[in-house]
Amino acid sequence: MNKTNMISINFRLVITMMTSHELSNEKVDKILHIIKNQFNYTNEIFRFTNKGFHEVDIDLFDVIFSSTDIYKDLDKLIYICEEILVTIDNSIDFIIGSLDTSSRVLEYEKNHDISSGLLITSQLIQGTNPYYSSKTCNAYVKNLDDDCFGVYSSV
């Protein structure tokens with residue numbers, strides 16, 4: 001791909017962590033430290049409780065993804081989440097997308113799956129092959145052109 005076809009975009013990356021229990025402030029601080037080692041951006045943290053799930057959103061601002069490196073960026077996100085699962089708490093499910101993950105959270109609450117974005121979980125999702133699989137987690141990449149990682153739809 002030549003440089004005229006390469007598209008880069010700055011956006012808000014939302015890393016949503018879903019658990020059946022509340023994550024302590026100490027664990028959230030450790031998680032943020034791991035994320036900031038790879039993505040050192042300004043961030044905000046939000047906490048919610050939804051239908052029996054505890055949700056922590058970490059919003060990273062002005063993240064730059066490139067259409068030519070989208071899969072390298074996804075791999076980096078998977079690596080970060082896998083490190084969190086191994087070192088901090090192995091019962092977190094991650095929903096990752098740009099701008100807003102609220103509609104994906106609603107899907108997750110219904111059936112532990114999402115229709116678009118990046119889902120990282122220790123579970124296997126019936127009828128879907130993972131993009132990445134290890135002893136620790138399975139990562140599912142779905143419909144990237146559905147506003148999850150804006151650069152992909154422009155490729």
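Keep in mind it's a predicted model, so treat the numbers as computed, not measured. The chain is numbered in sequence order, starting from 1. Keep in mind that the numbers below use all heavy atoms, side chains included, and drop hydrogens, waters and symmetry copies.
- To the nearest 0.5 angstrom, I45 atom CD1 is 8.5 Å from N25 atom CG.
- With rounding to the nearest 0.5 Å, the separation of CG in D29 from CG in L23 is 11.0 Å.
- A continuous path of hydrophobic side-chain contacts links I88 to I78 [ILVMFWY only; heavy atoms under 4.5 Å].
- Taken to the nearest 0.5 Å, the OH atom of Y132 stands 5.5 Å off from the SG atom of C137.
- A pairwise comparison of heavy atoms in Y79 and Q38 identifies CE2-NE2, 4.2 Å as the closest pair.
- Taking Y131 as the reference, D75 meet the side-chain hydrogen bond (donor to acceptor under 3.5 Å, both in side chains) condition, with sequence neighbours excluded.
- Within 6.0 Å of CG in N111 there are more than 12 heavy atoms belonging to other residues, nucleotides or ligands.
- By the side-chain hydrogen bond (donor to acceptor under 3.5 Å, both in side chains) test, S122 is found to be paired with no residue, residues two or more places apart in sequence or in another chain being considered.
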Given the rule in the side-chain contact (heavy atoms from CB on, under 4.5 Å) test, do T136 and N90 qualify, once you have shown the distances and angles that lead to the verdict? CA-CA 8 Å; T136 305; N90 68 352; over 6 Å; no
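- Among pairs with a residue in residues 14-26, those fulfilling salt bridge (charged side-chain N to carboxylate O under 4.0 Å, His left out) read E22-R47, E26-K30, at least two apart in sequence or across chains.
- Criterion: ILVMFWY side-chain heavy atoms under 4.5 Å apart, direct or through other members. Under it, V105 and L60 are not part of a common hydrophobic cluster.
- Applying the salt bridge (Lys or Arg N to Asp or Glu O under 4.0 Å) rule to K110 yields no partners; only residues at least two apart in sequence or on another chain are considered.
- The line from CE of M17 to CD1 of I120 is 11.5 Å long, rounded to the nearest 0.5 Å.
- Residue L77 is grouped with residue F94 when hydrophobic side chains (ILVMFWY) are merged at heavy-atom distances under 4.5 angstrom, including chains of intermediate members.
- Side-chain contact check for I34 versus L32: every heavy-atom pair is 4.5 Å or farther apart.
- Note on L13 and I92: same hydrophobic cluster, where clusters join Ile, Leu, Val, Met, Phe, Trp and Tyr whose side-chain heavy atoms are under 4.5 Å apart, directly or indirectly.
- Grouping Ile, Leu, Val, Met, Phe, Trp and Tyr by side-chain contacts under 4.5 Å, direct or through others, puts F46 with F48.
- Y140 pairs in a side-chain contact (heavy atoms from CB on, under 4.5 Å) with only one of the listed residues (D113, N129, T121, L118), which is T121.
- Under the salt bridge (Lys or Arg N to Asp or Glu O under 4.0 Å) criterion, D57 pairs with no residue, sequence neighbours left out.
- Within the model, atoms CD1 of I31 and CD1 of I80 stand 12.0 Å from one another, a figure rounded to the nearest 0.5 Å.
- Using a 4.5 Å heavy-atom cutoff, the side chains of I96 and L74 are not in contact.
- Applying the ring pair (Phe, Tyr, Trp, His ring centres under 6.0 Å) test to Y108 and every residue at least two apart in sequence or in another chain returns F53, H112.
- In this structure, a donor-acceptor pair under 3.5 Å is present between the side chains of T101 and T16.
- For K76, there are no side-chain hydrogen bond (donor to acceptor under 3.5 Å, both in side chains) partners at least two apart in sequence or on another chain.
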Passes side-chain contact (heavy atoms from CB on, under 4.5 Å), S91 versus H21? Steps please. CA-CA 9 Å; S91 63; H21 59 283; 2.9 Å; yes
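- The closest side-chain donor-acceptor pair between N138 and S133 falls under 3.5 angstrom.
- For the salt bridge (charged side-chain N to carboxylate O under 4.0 Å, His left out) condition, the pairs that include at least one residue of residues 82-98, sequence neighbours left out, are K27-D89.
- A distance of 6.0 Å separates OG1 of T19 from NE2 of H54, quoted to the nearest 0.5 Å.
- With sequence neighbours left out, D73 forms a side-chain hydrogen bond (donor to acceptor under 3.5 Å, both in side chains) with no residue at all.
- Cluster annotation: L85 and L119 are assigned to distinct hydrophobic clusters (Ile/Leu/Val/Met/Phe/Trp/Tyr, side-chain heavy-atom contacts under 4.5 Å, transitive).
- Every residue two or more places apart in sequence or in another chain was checked for a salt bridge (Lys or Arg N to Asp or Glu O under 4.0 Å) with K36, and none qualifies.
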